[in-house]
Amino acid sequence: MTDDEILPGCPTWPAEFAERYRAAGYWRGETFGRMLRDRANAHPDRVAVVDGDRRTTYGELDARADRLAAGLRGLGITARDRVVVQLPNIAEFFDVCFALFRIGAVPVFALPSHRLTEIGYFCEFSEAVACITTDVEAGFDHRVPAAEVARRVPGLRQVLIAGDPGDSGFIALEQIDGEPTDDPGPRPGDIAFLQLSGGSTGVPKLIPRTHDDYIYSFRASNDICGVTEDTVYLGALPIAHNFPMSSPGTFGVLHAGGRVVLARRPSPDEVFPLVERERVTMVAAVPPLALVWLDAAAGTEHDLSSLQVLQVGGAKCSEEVARRVRPVLGATLQQVFGMAEGLVNYTRLDDPEEVVLTTQGRPISPGDEVLVVDDGDRPVAAGETGHLLTRGPYTIRGYYKADEHNAKAFTPDGFYRTGDVVVEGRAKDQINRGGEKVAAEEVENHLLAHPAVHDAAVVSMPDDYLGERTCAFVVPRGTPPKARELIRFVRERGLAGYKVPDRVEFLERFPRTGVGKVSKRDLREVISRELVPELGKDAGR
Ligand code: OOB
């Protein structure tokens, strides 16, 4: 199949690789449409999705996806049409996904935190024919930017609202309905959707994932993570993000015939009662969220004993935090190091404790090729730090419509340059302080050990003399301690002088990315915006 037969602008695997991945049994010719139909046929009455009081069975989800697909076709949405989908953690998310998958239309998964700039960009760049969003979520009226986008993007023919369209003039998703037809639907090699890169610079790039490659990633994840039809998975992170979607996430759990429970917000007051009521067995968090749960779990009255696995990923989980998981929650920690572009690593549930606490795991697939290279793309010696490159049966060969960027982000032989610095099984986040490398997480661990520190993030600040110095941002627990006191505390723990933070700043909370990771990029911006001019002033005196 050539690129253009799939979706123009989507680089894909060379034929020899596709053949290899099929022969190895990774790609089995599955599609999302078929996957749901099979589950529904096997056990129509089992509950697939729980959203508040609404419980949707596999049979109902399958039937709704069919009718919604027919209704959307009636609005003129056809195979390969892009549709920007921005929904919170509500049951309609799955109705919409599976309806679009059945048509072969291509959802572009935006996050609830995206605003006019991002939604406008996704619609424009993907030449979307429709946008599906919600009414008011977390105090924000999504119909307002949607109206603006509809004005700006001429090709955008429809805006659909899950919930109340109000006086926006848009159509309520609820009203979309039609008689199911016998459409053959997309092929396994077709693009199923466009996912967003977690990209730390600029607007996210769009990641084309096929039915075959994506389904493989969560089917294999299910095996590693012990997901079965008995799994009750809580979607607490925004479910359009790759981590809670497919590692193994909601899609993995639906593939296994398990149950997905949705939390509208990830706060303990919403999550803990749900865990208790639904007997949740598995949940995924980014590190800052895991930290909030751990703090709240210590004093909770809710019964969290059903929890078997807490997955932490998306950013480095500090060892201090990792160590608290079993004693506080009674659950097994699983570290997850993944990326929407593909490669996902897991610590295994039966790995030795030290491996679980101190590594970010190993790849899903024997077909994953992983290289750690120096600046000249030469493999580094074992145990050395380097850049992580990867290629494999569920890692893309290029971003959507991004030829120029792809030439830099992928090697000539198709390895994705992840932009991550690693040393065998461990992600690195380093500050180069005049040639002395400071591992951010090491310093963060020491800071986290202080009773008055809730969270800590160490980032580089530009420095004329050393190139970079370290700035520790700290979210205090209650009254902030003195910066001096923290510095003394870290020093007394026997840390080398160059690792002691050059500066300590207190924040009430950290800036976050759409999925809730601490945004170190924004923290560095705080430095250049607010702290560096101040430093410059000092230096000039
Ligand atoms: C996940 O996906 P993205 O696309 O939002 O972000 C990917 C990037 C990675 O390249 C890496 O820089 C960072 O996030 N990351 C981690 C990490 N997991 C992700 N850095 C250190 N330790 C980890 N455990 O974030 C994502 C996708 C699927 C599963 C899990 C996470």
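Nothing fancy with the numbering, it's 1 onward along the sequence. Both ligands and their constituent atoms are indexed starting at 1 by order of listing.
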Over-ring placement of Arg20 relative to Phe17, 6.0 Å and 45° cut-offs: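 Yes.
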Any heavy atom of Gln195 closer to ligand 1 than 4.0 angstrom?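 Not so, Gln195 does not reach ligand 1.
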Please confirm whether Gln360 comes under 4.0 Å of ligand 1, counting heavy atoms of the residue only.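 Judged by the 4.0 Å heavy-atom criterion, Gln360 does count as contacting ligand 1.
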If you take the nearest heavy atom of each of Gly419, Gly314, Ala315, Ala340, which one is closest to atom 13 (C) of ligand 1?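 That would be Gly314.
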Return the option from Gly342, Gly338, Pro204 holding the heavy atom at the smallest distance from atom 31 (C) of ligand 1.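 Ranked by closest heavy atom to atom 31 (C) of ligand 1, first place is Gly338.
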Those residues that, when tested against Tyr400, pass side chain to side chain donor-acceptor pair (under 3.5 Å) (two or more places apart):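 Arg82.
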Nitrogen or oxygen atoms of [X] and ligand 1 under 3.5 Å apart:
X: Asn242; result: no
X: Val336; result: yes
X: Ser247; result: no

Does anything in residues 397-406 form a salt bridge (charged side-chain N to carboxylate O under 4.0 Å, His left out)? List the pairs, not counting sequence neighbours.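 Sorted pair list: Glu127-Lys401.
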Between Asp190 and Arg80, is the closest basic N to carboxylate O distance under 4.0 Å?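 Salt bridge flag = no for Asp190 with Arg80.
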Does a side-chain heavy-atom distance below 4.5 Å link His387 with Val421?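 Contact flag for His387/Val421 side chains = yes.
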Are any of the side-chain heavy atoms of Pro288 and Arg512 separated by less than 4.5 Å?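 A side-chain contact exists here, since the closest heavy-atom pair is under 4.5 Å.
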Report the part of Gln335 (side chain from C-beta onward, or backbone N, CA, C, O) that has a heavy atom under 4.0 Å from ligand 1; answer both or neither where that applies.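 Answer for Gln335: neither.
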